[in-house]
Amino acid sequence: MAADLAFVTAPDGRAAIVGADVTAIGPAEAIAARAAELDGAGPVRWAWWAATVDAAPLVAARLPISRCWDIAEAHRLLVGGWDATPQSAWATAHGLDRTRLPVPARGDLFDFSSMEPQDTAVVRSDGYLRPDAGAAQWRPDDTSLVAWGQAALDCAARQSALLAEVSPRSVGAAHSESAAAYLCVELTRDGLPIDRAVATRLIGEWAGPRPDTEAQARETRAQRDALVLRHAPGHEHTDLRNPLQVKDLLASVGVVVPNTRKWVLEPFRDTHPLVKALLEWRKAERIATTYGYPWLDAHVGPDDRLRGGWTACDGAAGRMTAQNGLHNLPTGLRPAVAAHPGHLFVRADLGQIEPRVLAAVSGDETFAAATRADDLYAPVASRLGVERSVAKVAVLAAMYGQRSGAAGEALKGLERAYPVAMAYLDRAYAAGLRREPLRTFGGRLIPLDAILADVPVEGTAAYDAARGRFARNAVIQGSAAELFKAWAATVRATTRDLGAQIVLCLHDELLVHVPAEHAHEVRRRLMVALDDSARRWTGSTQVRFVADASVVERWSDAKD
DNA sequence: TTGACCACGTA
DNA sequence: CGTACGTGGTCAAC
C-alpha cells in the first residue's frame, strides 16, 4: 500500500482525513490536531495531492511528519517535467490520456453546462477528475472533500504500482521526494538565520550607505559609476547598465570585444584601468541591485530569517530550487548567515558526489572501487598513470562533455580503465541525440523532446549535441539530486528530536541549525544518515559516499 | 505590461 | 569542462 491515510484540504480552510477505518472532516487546525494523534499512535504514511497545498496546516502546526506520499512529486517522477496538477497525475495513474484533460468550465454563474448530475462527485463518468477539483475556486461540500481524500489514496496506490514497474528503487525515490517536498514547505516557513548587523555592514561596504531619499540613492549610484567613467574622459555619459554602450566605451580605449561578459573581459583586466574598474563596478552593482537593502528589507523577516519559496524539484533533472537568493547568495555575503544565540550550524557537503554517483548508476565495479578512497581521483590517477589534476579534468570532461581544451589522452585512458561507466555516459548522450527519454537512477523520467532553453537553433548539429550533453548531464545531476534528498530527509527525521532544523539545501550541501549543546551529536548523526541513505539508495555498499561536516557559527567559517 | 536578451551569482 | 536554476537590468513590442 502506498499510503495509509489521506490528508486533503479545501480552499475554504477545511481539511479531511480519509482512510480505511478513519474519516474526519472539519476546520484545518482541528483536523491537523487529529492527524497529530494518529501519527503519534503508530507509523502512518500520509497521502496528499501536493505538500504546498494539503500539508500546509500540518506544517503550520509544526507536525514532525516523516512518511508521506506526495502525488505531485510521484507524478513528476513518472512523467518528468514540472506540471503536476491532480488532474494530470490522476489521468496518468489511471492510464488516461493526460493531453486530453477535460477543460474547466468558464467561471460563469449562468453556465449550467458545468453542473453534472452528481455534483458532489470528484471523478467524472468518463474517468477523469473534475477539472475544478483542487482549484482555488472549488467549494466542495463535506461529501466531496471526503471523496477527494479517497481519490488521493486511490491515486497514490496506482502511482506506487506504476513506479514499482519502473523499478523497486522508484518507490523509494517517491518516498524521499515526498519527504523533500514536505521539507520544502518547512524551509519556506522557517527561513535561513541571518546576522542582520553583519549583512547590513557587508552591503554597506559594497553598495554604500543606506539611502534616505531617492536623491541620495542617485548620488551613491553616480559615485559608483564615476569610479569607472573617470578612466574614459569624454565618455562620462555612458550608461554602464547598457551592454551596448559599455561595448562602445571599451572600444574607445582600444578594448574590442564581441560582448562584455565577465569571462571575456577578464583577460583584459590589466590592459587598461577601465576594464578593472568596470569589473569591480559589476560586482558592487550586483550586490546593490540584487542583494542590497531592498532585498534585505523584503526577504529577511523581523525574526532575522531570510525566506524564499522552495520547490523539491526543477523541471529538468530534479534538483531543488529556492528563491530570493537562497541558492545563489554571493560568497562575500555568507558571513551574514549566522546561527542565532544558543545555536550552531552543522554544515556538511557531499564530496565528489557526481563521479561517485556515476559509479553507482553505471554499476562499474572498477570505478566503484575508486570511490572507496577518500579522494576518488587518486586511484583514478594512478590507474591511468597521470597526475591527479589530469585525472580530475578527464573525469569531469567525460561526465559533462568537454568541447574545448585537451583532456584527449586521459579520456582514452578512462575508456580503457572504466569501460562500463564510460559506456553508460555514451548511451545517455546517444539517447539524447535520438530524443529518447531517459530515467535517472531513482526512475525520474527525463523527456528529451522538449525545447531546451538557451541553445543553438533547432535542427542543427549544434542543437543535437546540446541535447546529448543535456542528457548525459541530467542522468548524473538528477541521480545526485535524488541521493541528496534521501540524505536530507533522513537527516531531518533522525535529528529533529535534538531540536535540529534544516535551514538550507544547496545541491550537495546541507546547513542544519541546532541547539549548541547538540551540535556534535547532530554532526555524528548526519554522517550516519549518509551511510544509511546511500546504502538504501544504491542497494549495496560498493559505492562509498563521503561528506565533509563541521560545526560552525557562520556558514562562511572554515571547516573543522 | 510583457518577453527577449544580457549579465552573473550559486551548485 | 558541462548542465541547471533565480534575479535584475535595458530595450522593443504591445
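Within every chain, numbering begins at 1; the chains are lettered A, B, ... in the order of the sequence lines, protein sequences first and strands thereafter. Remember, predicted model here, so these are calculated numbers, not experimental data.
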According to a strict under-4.0 Å criterion, is A:R334 in side-chain N/O contact with OP1 or OP2 of B:dA11? yes

Taking the side chain of A:D239 as its heavy atoms from C-beta onward, which of C:dC1, B:dT10, C:dT10 lies nearest to it? C:dT10

Could you tell me if the side chain of A:H327 sits less than 4.5 Å from the side chain of A:L506, heavy atoms only? yes

Residues in contact with DNA chain B, drawn from residues 244-264 of chain A - heavy-atom cutoff 4.0 Å: A:N259, A:T260, A:R261, A:K262

A:N328 has its side chain closest, among C:dG6, C:dC1, C:dT3, to C:dG6

Between A:N324 and C:dT7, is there a contact of a side-chain N or O with OP1 or OP2 at under 4.0 Å? yes

Show, in sequence, the C-alpha distance, side-chain angles and deciding distance for A:T289 and A:R241, and conclude whether the side chain to side chain donor-acceptor pair (under 3.5 Å) test is met. CA-CA 11 Å; A:T289 55; A:R241 293 155 193 86; over 6 Å; no

Closest of B:dC6, B:dA11, C:dT7 to the A:P243 side chain is B:dC6

A:Y291 OH to C:dG6 P, in whole Å, measures 12 Å

Give the nucleotide from the list C:dA4, C:dT7, B:dC6 with an atom nearest to the side chain of A:Q323. C:dT7

Could you state the atom-to-atom distance from NE2 of A:H327 to P of C:dG6 in whole Å? 10 Å

If you only use heavy atoms from C-beta on, which nucleotide in C:dT3, B:dA11, B:dG9 is closest to the side chain of A:Q477? C:dT3

Is the phosphate of C:dT3, meaning OP1 or OP2, less than 4.0 Å from a side-chain N or O of A:R469? yes

In whole angstroms, the gap separating P of B:dT10 from CG of A:L511 amounts to 16 Å

For A:Q323, check side-chain contact (heavy atoms from CB on, under 4.5 Å) against everything at least two apart and list the hits. none

Counting only distance, no hydrogens or angles, is the base of B:dA7 paired donor-acceptor with the side chain of A:R282 under 3.5 Å? no

Considering only side-chain heavy atoms of A:D314, which listed nucleotide, C:dT7, C:dC5, B:dA11, is closest? C:dC5

So, is A:T331 near the phosphate of B:dT10, with a side-chain N or O under 4.0 Å from OP1 or OP2? yes

Does a nitrogen or oxygen in the side chain of A:N242 sit under 4.0 Å from OP1 or OP2 of C:dC11? yes

Plane angle bin for A:H513 and A:H343 - parallel if under 30°, tilted between 30 and 60°, otherwise perpendicular: parallel

Can you tell me how far apart CD (A:E285) and CG (A:L278) are? Round to the nearest 0.5 Å. 10.5 Å

Do the numbers put A:R169 on top of the ring of A:W537, so that NZ or CZ is under 6.0 Å from the six-membered ring centre and no more than 45° off the axis? no

Can you check whether A:Y377's main-chain N or O pairs, donor with acceptor, with A:K392's side chain at less than 3.5 Å? no

From the set C:dG6, C:dT3, B:dA11, return the single nucleotide nearest to any side-chain atom of A:N473. C:dT3

